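Bear in mind that the values here come from a model prediction, so they are computed numbers and not experimental data. Ligands are counted one by one from 1 in listed order, and the atoms in each one are counted from 1 as well.
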Amino acid sequence: MNEISWDVAVIGGASAGLSAALMLGRARRRVIVIDAAAPRNRFAAHMHGLLGHDGRPPADLLADGRREVESYGGRIITATATRTRRDGDGFAVETADGEVVRARKLLVTTGARDELPDLDGLAERWGRGVAVCPYCDGYEVRDQRIGILATGPGSEFQAQLLRQWSPSISYLADAVGGPGGETRDAFDARGIHVEEGPVRRVVSRNDRIAGVEMADGRLIELDAIFTIPRLVPRDEPLRQLGAERTEHPWGSFVTVDENGQTSVDGVWAAGNVVNAMANVAVSIGAGAVAAGAINHALVLDDVRRAVSAVAPAPAESE
Ligand SMILES: Cc1cc2nc3c(=O)[nH]c(=O)nc-3n(C[C@H](O)[C@H](O)[C@H](O)COP(=O)(O)OP(=O)(O)OC[C@H]3O[C@@H](n4cnc5c(N)ncnc54)[C@H](O)[C@@H]3O)c2cc1C
């Protein structure tokens, strides 16, 4: 079993983690990134809304990021962190391969996973015609036929939001029931069509969405489907350290301050693991902010150590 000592261990090496590792490497910190190499947007061929990289394959951005981190001496290992614990003044991270990484500070940037509605044909098209984020994928299907596969109260606004991109919106209300009252009036006012019956499956043709088949056999023709999956943070390392959580309407997430500091001294978190709304740009930014805060904390530790090393020994009492 290897035992290594680092200034910072980053668990999760995609947008948030690599951004932090780049900043830390440039701050001349010894940084190691432990990454299982399964970023949330790996299902999408192209990424949108990231200034300077609009339309780029997500994997290309991360490949560049890895090269940049390594160019400053950062080490990146492809591994899954399975156990994280306090270890003296710092932390020990055990990987599935049996490696133990020891570091003074810890940053968790492990992202989140999407639990899709259980509908035949849906998962196969995730990121390829089925999407969650209109800012990421709405423009590409502007003015086309868009279905909103409702999963909860947020779906009603998702329908109104997508109406910004297309006049042809079908609200598939199967899982939640048709909207009533003011919501229905607002749908009618903006021409949002409601399908209340059960949806049987997503139909694809020629590697594209063709529509949804209803239980009564009708095909509702569509070019794209938007839905809000349940977002589950991959926050096991933070759970293992006992980090405090906040219950939000959209789920339970570990609590962080504006710099990504958790309730556990010496542990930060950034990106989707603590922020359900973080797109790539926000995750990169959050990683950079956390890296600055971590380096700040390390400098203060270094000052304390230096001062105590030169402090005169206390005089012996008679
Ligand atoms: C289909 C789809 C399309 C999207 N398109 C866009 C878009 O066009 N534009 C945009 O801005 N956003 C888009 N997003 C959102 C984007 O995916 C997230 O904003 C972004 O991935 C968050 O980055 P992150 O670094 O926080 O987490 P992630 O990218 O999920 O990275 C987390 C990393 O940590 C690793 N990891 C997890 N657990 C462990 C562990 N225990 N040990 C080691 N490593 C671990 C994972 O393998 C992964 O590599 C899309 C999302 C989806 C689902």
Query - Structural part of R234 in contact with ligand 1, heavy atom criterion under 4.0 angstrom - result: side chain
Report task. Could you say whether the N/O atoms of A38 and ligand 1 ever approach to under 3.5 Å? Result -> yes
Query raised in the report: Is the closest N or O pair between A16 and ligand 1 shorter than 3.5 Å?
Result: yes
Query raised in the report: Heavy atom under 4.0 Å from ligand 1: found in A79's side chain, backbone, both, or neither?
Result: backbone
Query raised in the report: Does M47 reach ligand 1 with a nitrogen or oxygen that is under 3.5 Å from one of the ligand's nitrogen or oxygen atoms?
Result: no
Query - Cationic tip of R184 above F187 ring, under 6.0 Å, 45° of axis - result: no
Report task. Do me a favour and list the nearest non-hydrogen protein atom to atom 49 (O) of ligand 1 with residue, atom name and distance? Result -> D35 OD1, 2.7 Å
Requested in this report: Using distance alone, determine whether A281 and ligand 1 share an N or O pair under 3.5 Å.
Outcome: no
Report summary line: Among non-hydrogen protein atoms, atom 39 (C) of ligand 1 lies closest to T110 CG2, 3.4 Å
Query raised in the report: Counting distance only, does the side-chain N/O of Q160 pair as donor-acceptor with the main-chain N or O of A186 below 3.5 Å?
Result: yes
Query raised in the report: Looking only at N/O atoms, are N272 and ligand 1 under 3.5 Å apart anywhere?
Result: yes
Query raised in the report: Numbering the atoms of ligand 1 from 1, which are under 4.0 Å from a heavy atom of G271?
Result: 26 (O)
Query raised in the report: At their closest point, which heavy atom of G17 faces which heavy atom of V10, and how far apart are they?
Result: CA-CG1, 3.7 Å
Query raised in the report: Quick one: is the NZ or CZ of R30 closer than 6.0 Å to the six-membered ring centre of W6, and within 45° of its axis?
Result: yes
Report task. Say whether A36, considering both its backbone and side-chain N or O atoms, lies within less than 3.5 Å of an N or O atom on ligand 1. Result -> yes
Query raised in the report: Do R56 and D64 meet the salt-bridge criterion of a basic N to acidic O distance under 4.0 Å?
Result: yes
Requested in this report: Report yes if A278 has an N/O atom closer than 3.5 Å to an N/O atom of ligand 1; otherwise report no.
Outcome: yes
Query raised in the report: For atom 13 (C) of ligand 1, what's the nearest protein heavy atom and its distance?
Result: C136 SG, 3.5 Å
